[in-house]
Amino acid sequence: MRCPFCTHEDTQVAETRESDEGDVVRRRRRCPACDKRFTTYERAELAMPAIVKKDGSRSEFDRNKIRASMSLALRKRPVSMDQVDAALARIEEKLLASGANEIASAKIGEMVMRELKKLDKVAYVRFASVYRSFEGVDEFSRLIKDI
Ligand SMILES: [Zn+2]
């Protein structure tokens, strides 16, 4: 790393220390050119991608909103909130692992549908029908046939 004082290209790490939680690495660096010291912090960048809607507008990933729409689809179905949360965690994990800065809302919808399909077929059809806002009777009956 470049020295912030004299812009010397090659500074040396004098000390490396992990935070107690292990999520931040702190390094003391020394510049061999000007002998100044500075600290850098290294942490994983785990940010949810922004959601891009059909009209091009962006919004933040909203876990509660997705959770609410999933539980609405699962109303009166024999699926526990623990199962919903586990499904949500899988979706979040995939999003984080993708490293993408933004993702189409349609993609999120597909991920939710895939998880619902595994949890409960009725909830899946409910969600899919609302989500795709009945783009056609054919679409809906094709969905039902898929199950
Ligand atoms: Zn320097």
Side-chain angles (χ1 to χ4, degrees), residues 1-75 77-136 139 142-143 146-147:
M1 179 172 286
R2 187 188 296 199
C3 171
F5 302 104
C6 72
T7 70
H8 183 72
E9 290 290 341
D10 193 23
T11 54
Q12 293 156 359
V13 176
E15 189 196 345
T16 300
R17 196 180 280 175
E18 240 176 62
S19 68
D20 290 341
E21 292 79 27
D23 53 356
V24 183
V25 175
R26 177 182 174 276
R27 292 185 217 279
R28 285 294 293 162
R29 289 177 177 267
R30 192 188 76 85
C31 174
C34 69
D35 203 38
K36 289 205 169 83
R37 280 145 224 265
F38 62 101
T39 307
T40 58
Y41 297 90
E42 183 182 306
R43 70 188 78 221
E45 188 179 73
L46 290 180
M48 279 296 180
I51 312 299
V52 185
K53 292 189 203 141
K54 243 183 192 167
D55 64 6
S57 66
R58 279 157 181 75
S59 62
E60 255 175 59
F61 178 86
D62 188 341
R63 183 179 206 279
N64 289 333
K65 217 159 112 186
I66 297 174
R67 194 173 190 265
S69 61
M70 286 176 84
S71 47
L72 196 65
L74 283 159
R75 206 152 58 117
R77 299 300 302 163
V79 176
S80 71
M81 283 319 282
D82 279 353
Q83 287 172 282
V84 174
D85 284 333
L88 252 174
R90 281 193 292 273
I91 291 171
E92 287 176 317
E93 219 178 279
K94 267 180 220 158
L95 289 174
L96 286 175
S98 75
N101 288 329
E102 41 188 50
I103 187 165
S105 60
K107 282 266 182 247
I108 303 271
E110 278 165 33
M111 291 168 97
V112 171
M113 276 191 267
R114 213 168 298 144
E115 290 294 338
L116 282 176
K117 199 172 188 174
K118 281 186 270 181
L119 288 176
D120 186 88
K121 305 290 186 214
V122 172
Y124 166 68
V125 174
R126 280 180 188 162
F127 183 89
S129 62
V130 174
Y131 186 77
R132 292 177 178 161
S133 52
F134 290 102
E135 280 187 22
E139 173 78 6
R142 190 185 61 75
L143 266 172
D146 278 352
I147 292 167

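Order of appearance sets the numbers: ligands from 1, and atoms from 1 within every ligand. Computed from a predicted structure; not experimentally measured.
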Exercise for the section: For a side-chain hydrogen bond (donor to acceptor under 3.5 Å, both in side chains) with Arg27, tell me which candidate from Glu15, Gln12, Glu42 qualifies. Expected result: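 Answer to the side-chain hydrogen bond (donor to acceptor under 3.5 Å, both in side chains) test with Arg27 among Glu15, Gln12, Glu42: Glu42.
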Problem - Vertex the Zn ion (ligand 1), rays to SG in Cys6 and SG in Cys3 - rounded to 10° - result: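 Angle SG(Cys6)-the Zn ion (ligand 1)-SG(Cys3): 110°, rounded to 10°.
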Practice task
To 10°, measure the SG(Cys34)-the Zn ion (ligand 1)-SG(Cys31) angle for me.
Solution key: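 It is 110°, given to the nearest 10°.
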Practice task
Could you check Met81 against Ser71 for side-chain contact (heavy atoms from CB on, under 4.5 Å), going step by step and ending with a plain yes or no?
Solution key: CA-CA 8 Å; Met81 283 319 282; Ser71 47; 3.9 Å; yes
Problem - Heavy-atom side-chain proximity of Arg126 to Arg77 below 4.5 angstrom - result: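 Sidechains of Arg77 and Arg126: in contact.
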Handout entry: His8 near the Zn ion (ligand 1) via N/O/S, less than 2.8 Å
Key =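 No, His8 does not qualify, because none of its backbone or side-chain N, O or S atoms lies under 2.8 Å.
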Handout entry: Heavy atoms of other groups near Lys94 NZ, more than 12 under 6.0 Å
Key =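 Yes, enclosed.
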